[in-house]
Amino acid sequence: MSHALHRPSKLDFNAPSEVVANALIGMTLTVDGVGGRIVETEAYDRDDPASHSFGGPTLRNAAMFGPPGRVYVYRSYGIHWCLNFVCREEGHGAGVLIRAIEPTDGLERMRHRRGLDDLRLLCAGPGRVAQALGVDARFNGHALDAPPFVLRDAAHGGAAVVVEAGPRIGITKAADVPWRFGEKGSRFLSKPFRAGAVLSPG
DNA sequence: CTAGTGATCCGCT
DNA sequence: GCGGATCACTAGA
């Protein structure tokens, strides 16, 4: 069978956000040494009613319109923080929401921040990811290739990642756009994917 | 497993 | 004022 999306071997934040969102699955993100493997992402773009950038630049979404490869952090429902990576060229307004991570580094710090032992729930959701990694508004606009962030590709020789896609979660506009990506079969997803959306071979 | 609900803030209309 | 890229919790199938 053929595959609906090309899965690039190298990460390029100038690429469209849905390409970056796909490529990020399986990569490792740490903040000050705390984090793990990215297992779930969502893409948002400028011409996308569900995106914070849809209405054009504002004070809140300014980082989304800044240079790619930086971080956009916003407050969700007045309670949580959510972590995004900026994509496309400067001024475009595209990003990828980091929705779930398989915890591997700094487990005890994550457990302490989350007040929770259960590994499966430490980073299973965008608010949980930010809390576990200690991400808040202070990081808005920071570059991903500078401390305390470390983003690296899967270890050489690691098993190929099988990525599946489906509708994004928690939105009401453009809810049918299949820009949610996740590692097939991961137990660390914020929610399971419905069957039948495998995109890349493993 | 799914569905409903309260918490709690700020950007925007 | 409104409502959201959420979470934790409860109740019920």
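Between H80(A) and dC7(C) there is no side-chain polar atom (N or O) within less than 4.0 angstrom of OP1 or OP2. For the OP1/OP2 pair of dA8(C) and a distance below 4.0 Å, the side-chain nitrogens and oxygens of R114(A) include at least one atom meeting the criterion. Phosphate contact (OP1/OP2 of dT6(C), side-chain N/O of R99(A), threshold under 4.0 Å): present. For R168(A) and dT6(C), the shortest distance from a side-chain N or O to OP1 or OP2 is not below 4.0 Å.
Here the two rings, on F54(A) and Y44(A), have centers that are 6.0 Å apart or farther.
One interatomic measurement links the two molecules: CD1 of I169(A) to C1' of dC7(C), which rounds to 13 Å at whole-angstrom precision. One interatomic measurement links the two molecules: CD1 of I98(A) to P of dT6(C), which rounds to 14 Å at whole-angstrom precision. Atom pair R60(A):CZ and dA5(C):P shows a separation of 7 Å (rounding to whole Å applied). One interatomic measurement links the two molecules: CD1 of I79(A) to P of dC9(B), which rounds to 8 Å at whole-angstrom precision. Rounded to whole angstrom, the span from the CG atom of D48(A) across to the P atom of dG4(C) amounts to 15 Å. Remark: P of dA5(C) and CD of E18(A) are 19 Å apart, rounded to the nearest angstrom. Atom CH2 of W81(A) and atom P of dT8(B) are 16 Å apart (whole Å). Look at CG on D118(A): it is 11 Å from P on dA8(C), rounded to the nearest Å.
Residue-to-nucleotide proximity on DNA chain C shows that, of Y72(A) and L116(A), the 5′-proximal contact is made by Y72(A). With the nearest nucleotide of DNA chain C identified for both R128(A) and K173(A), K173(A) has the one nearer the 5' end.
Here N84(A) lies in heavy-atom contact (under 4.0 Å) with a base. Base contact: L97(A) has a heavy atom under 4.0 Å from a base atom.
Using a 4.0 Å cut-off between a side-chain N of Lys or Arg and a carboxylate O of Asp or Glu, R109(A) and D32(A) qualify as a salt bridge. Salt-bridge check for E40(A) with K191(A): failed, with every basic side-chain N at 4.0 Å or more from each acidic carboxylate O.
With dC9(B), dA5(C), dA7(B) as the candidates, the nucleotide lying closest to the side chain of R75(A) is dC9(B). Checked against dT6(C), dC12(B), dA5(C), the side chain of T58(A) finds its nearest nucleotide in dC12(B).
Rounding to the nearest 0.5 Å gives a distance of 10.5 Å between CD1 of I171(A) and CH2 of W179(A).
Atom CG of D118(A) sits in a crowded spot, with more than 12 heavy atoms from other residues, nucleotides or ligands closer than 6.0 Å.
Look at Y77(A) and the base of dA7(B); the rings do not stack under the cut-offs of 5.5 Å between centres and 30° between planes.
Looking only at atom types and distance, the side chain of R114(A) has a donor-acceptor partner in the side chain of Q131(A) under 3.5 Å away.
If you take atom P in dT13(B) and the same atom in dA5(C), they sit 14 Å apart, rounded to whole Å.
Base-pair partner of dA5(C): not found among the strands shown (Watson-Crick or G-U wobble, both distances under 3.5 Å).
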